[in-house]
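Step one of this worksheet: look at the structure below.
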Protein chains: 2
Amino acid sequence: MVWDMTTMKEIAQQTGVSVSTVSLVMNHRDEGRVKAEVASRVRETARKLGYKVNPMARSLRTNSTRILGFISDEVATTPYAGGMILGAQTAASRFGYMLITVSTDDGMKEDNEIDALKRYGTDGFLYAKMSNRITDVPAKLLDYPLVLTDATDVNGKVPSVEPDEFSIAYDATTYLIKAGCKRIAYVGCSEPLLAQEGRLAGYRAAIAEAGMPFDDKLVANVVNNGPALRAVSRLFDSEHPDGFFCFNDARAWYVYECAARRGLTVGKDISVVGVDNHRVFAETLEPQLTTVELPHFEMGYWAATKLISMIENRPMNDIEWPKTTAPLTPIDAPIPAKIHCTLLEKGSVAR
Amino acid sequence: MVWDMTTMKEIAQQTGVSVSTVSLVMNHRDEGRVKAEVASRVRETARKLGYKVNPMARSLRTNSTRILGFISDEVATTPYAGGMILGAQTAASRFGYMLITVSTDDGMKEDNEIDALKRYGTDGFLYAKMSNRITDVPAKLLDYPLVLTDATDVNGKVPSVEPDEFSIAYDATTYLIKAGCKRIAYVGCSEPLLAQEGRLAGYRAAIAEAGMPFDDKLVANVVNNGPALRAVSRLFDSEHPDGFFCFNDARAWYVYECAARRGLTVGKDISVVGVDNHRVFAETLEPQLTTVELPHFEMGYWAATKLISMIENRPMNDIEWPKTTAPLTPIDAPIPAKIHCTLLEKGSVAR
DNA sequence: CTGAAAGCGCTAACAA
DNA sequence: TTGTTAGCGCTTTCAG
């Protein structure tokens, strides 16, 4: 600590009271225990001296540091982590907490990092994945307050915050229908992600609700690279869709590539709604692509808020929803849907 | 703290020595002060009991927490922060430090966050930008050990770690030349970024070294969206380049789009080397695009290492370079160049 | 070589 | 209503 902080002792001396009195006042536990006049004198000197509590010293007594541990994989390999971290940090900061972020992508051994975090007195953990997966939570975490973020506990015990995948696709598809599309393709992901299930269901529901037939020839679940591009090419040539729901940026790119090769213009000849962070498209395109943004910020925010409510053992009722992060770029209005984010309270955890 | 850690007291009791002796041993300050036999007995019980020092308690005495503060903007809006955070965390963890990450993009007031970090006893700061800019460092940071990451101090006083932009473009261009390209375009950025200067210089140097004339009609500095796309279109039609150096993913996308519209295939009819994280292209394309990856991980790693060396006041000589994060996807070999990263030691800082 | 004692800044039980 | 005391886990003189 380079900077010298003023201590309670100093306040006590300046005010002519004891340290315990100062402690009571600074912790707002003075109601009916310290004379109001004394209390306000204490507060005044504290203000004058710019007193800030020393969390380290406090934690030595209270076993509570107001530090949250944020554990995630892939922070370096996906662009999503940032939003989640920012959301979590925003909530943390709002309640006077700090976030220690550790990621386990590299050589970092997860258990070691967890141990280190525990040594630093972390009050609870956020365990994040970069896309919703059934997750086997590390045992080392289970005896702490814990919230999963964009992940689902394999045992359904640990509370989690997840995106509402169904609504994402439902809203996007409805948007395409309202735009007048008649043959709407679903360009999805053939890996077994939770998002894939939910979104395909949302797509089907929207189609059905509009009285349109479901045609599985319009569904192309692909992985990547050449095979994906060829699958989307076939979709273009045999089905001639006029609307595309795309699982993410990468899938949307196949559609763009195929359209360009056929002299079709997105936003004129075909319509595309893509899910995701739309970073590349936001920078490259005229606003032709309608995007549903995944609520990473919100998930982080809510997960942290939930975690704090567990740590402090108090309800979250009065906590308002944060304003959503603004889209990077103006988007072809109207935006397909409000961004949903489901907060699942599946149970609580041993303390 | 939920978990009960074993304390020095317990070790002392079990071993039948005093706490001070244990402290001496656990801190490797026992040389010539504690009998070797006793020391090893202490170490043995410590091992048996799984002793880990309590950093909070220690910091109360030592004023050193082994916590590093990582401050950056835009963690949520760029995909780069993750790599830098991971690099910094990897280095930190290697030396027994922890990273507290705060980002200042949202409503977070930077000075408040810095104060909070200081209260938590942060030993020093990493101040990061998401692309190298001349940076006016917050005054609140100047009395602490401090390293800039992907940023340059406006006063040239604060040490910084930056990417070697010149070499990036030099290597990429040389790669295109060796591949047989005769008319190599530079698709750059018209915003005044440090990267732009350095890379254009690297491009020119490579061109010159190959005895090729520099033709500024081959240089297209663009911003984004429609105007950018049209500028690249003009470049295609009037200059017919056969090789492209692209400032980043977004610029590379314009080249792809234009190529597709003209029936040209990247990797066959034209060659492209793009700088950046190539996340989208890695997932979407066959390996046609050669990529120079920006050393975000390395910058984070080195900046943290440098910072620790400042905090502990010891040289960095014996510290080896980390293995670079693996590319997401196999890349058209040979990779254009090793990734350079310059470590600038511009001076030291008041403690 | 080793241990007793003091104290880092704070909180909490208890006396006064 | 307030102060005294003890102690969180650790480091650091200072005696022995």
Side-chain angles (χ1 to χ4, degrees), chain A residues 1-43 45-46 49-67 96 118-121 123, chain B residues 1-43 45-46 49-67 96 118-121 123:
Chain A
M1 219 168 300
V2 176
W3 186 47
D4 40 0
M5 321 209 275
T6 74
T7 70
M8 284 194 176
K9 195 174 175 186
E10 287 164 21
I11 299 180
Q13 284 164 347
Q14 291 244 354
T15 323
V17 295
S18 80
V19 182
S20 7
T21 306
V22 177
S23 174
L24 284 179
V25 174
M26 297 319 290
N27 291 299
H28 306 102
R29 314 165 108 277
D30 55 310
E31 193 71 24
R33 326 243 273 108
V34 178
K35 217 192 317 180
E37 186 268 330
V38 176
S40 77
R41 259 170 52 224
V42 168
R43 263 185 273 272
T45 25
L49 269 43
Y51 173 78
K52 292 285 162 54
V53 64
N54 178 334
M56 299 301 140
R58 166 184 280 169
S59 76
L60 212 48
R61 291 295 319 206
T62 60
N63 278 354
S64 142
T65 49
R66 301 185 88 83
I67 290 178
K118 286 186 175 181
R119 254 176 278 135
Y120 273 90
D123 288 343
Chain B
M1 218 167 301
V2 176
W3 185 48
D4 40 358
M5 321 208 275
T6 74
T7 70
M8 283 193 176
K9 197 174 173 186
E10 289 164 20
I11 299 180
Q13 284 164 347
Q14 290 246 355
T15 324
V17 295
S18 79
V19 182
S20 5
T21 305
V22 176
S23 174
L24 247 23
V25 173
M26 295 320 288
N27 291 300
H28 306 103
R29 315 164 110 278
D30 56 310
E31 193 70 24
R33 328 242 274 105
V34 177
K35 216 194 314 179
E37 187 268 330
V38 175
S40 76
R41 258 170 53 223
V42 168
R43 263 185 274 272
T45 26
L49 267 43
Y51 173 78
K52 290 287 162 52
V53 64
N54 178 334
M56 299 300 140
R58 166 184 279 169
S59 77
L60 212 49
R61 293 292 317 201
T62 58
N63 278 355
S64 142
T65 50
R66 301 185 89 82
I67 290 178
K118 285 186 175 181
R119 253 176 280 135
Y120 273 89
D123 289 342

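Proteins get letters first, then strands, A, B, ... in listed order; numbering begins at 1 in each.
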Heavy atoms from C-beta onward define the side chain here; which of D:dT2, D:dT11, D:dT12 lies closest to that of B:Arg29? D:dT12
Send over the distance from A:Glu31 CD to D:dT2 P, rounded to a whole Å. 13 Å
Can you find a pair of side-chain heavy atoms, one from B:Pro55 and one from B:Arg66, that are under 4.5 Å apart? no
Residues forming a side chain to side chain contact (heavy atoms under 4.5 Å, CB included) with B:Arg43, sequence neighbours excluded: B:Val25, B:His28, B:Asp30, B:Ala39
Heteroatom pairs (N/O) under 3.5 angstrom, protein to nucleotides 14-16 of chain D:
none

Taking the axis from the first five pairs and the axis from the last five, what angle separates them in the helix from C:dC1-D:dG16 to C:dA16-D:dT1, rounded to 10 degrees? 50°
Looking at residues at least two apart in the chain, or sitting in another chain, which of them share a side chain to side chain contact (heavy atoms under 4.5 Å, CB included) with A:Ser18? A:Ser20, A:Thr21
Salt bridge (Lys or Arg N to Asp or Glu O under 4.0 Å) partners for A:Glu31, two or more places apart: none
Under 4.0 Å from any atom of DNA chain C, heavy atoms only: list the residues of residues 9-25 of chain A that qualify, in numerical order. A:Val19, A:Ser20, A:Ser23
Rounded distance in Å - CE (B:Met5) to P (D:dG9): 8 Å
For B:Ala36 and for B:Leu60, find the nucleotide of DNA chain C with the closest heavy atom, then tell me which residue's nucleotide is more 5'. B:Ala36
At what distance, to the nearest 0.5 angstrom, does CE of B:Met5 lie from CZ of A:Arg119? 8.0 Å
B:Arg29: which residues meet the side chain to side chain contact (heavy atoms under 4.5 Å, CB included) condition with it, sequence neighbours left out? B:Leu24, B:Asn27
Please identify which of these residues, B:Thr15, B:Val17, B:Val22, meets the side chain to side chain contact (heavy atoms under 4.5 Å, CB included) condition with B:Val38. B:Val17
If I take atom OH in residue A:Tyr120 and atom P in nucleotide D:dC10, what distance separates them, rounded to the nearest angstrom? 13 Å
To the nearest 0.5 angstrom, please state how far the CD atom of B:Glu10 sits from the CG atom of B:Leu49. 6.5 Å
List for me each residue that meets side chain to side chain contact (heavy atoms under 4.5 Å, CB included) alongside B:Lys9, sequence neighbours excluded, and say none if there are none. B:Thr7, B:Gln13
Name all residues meeting the salt bridge (Lys or Arg N to Asp or Glu O under 4.0 Å) criterion together with A:Arg58; count only those two or more places apart in sequence or in a different chain, and write none if there are none. none
Would you grab the first and last nucleotide of DNA chain C (5' to 3') that comes under 4.0 Å of any non-hydrogen atom in chain A? C:dG9 to C:dA12
Could you please spell out the steps behind the side-chain contact (heavy atoms from CB on, under 4.5 Å) verdict for A:Val53 and A:Met26? CA-CA 8 Å; A:Val53 64; A:Met26 297 319 290; over 6 Å; no
Nearest 0.5 Å, what's the CG-OG1 distance between A:Asn54 and A:Thr6? 10.5 Å
For residues A:Ile67 and B:Tyr120, determine if any side-chain heavy atom of one lies less than 4.5 Å from a side-chain heavy atom of the other. yes
Output the rounded distance in Å from CG (B:Asn27) to P (D:dT11). 4 Å
Between D:dG9 and B:Arg61, counting only base atoms on the nucleotide and side-chain atoms on the residue, is there a donor-acceptor pair under 3.5 Å? no
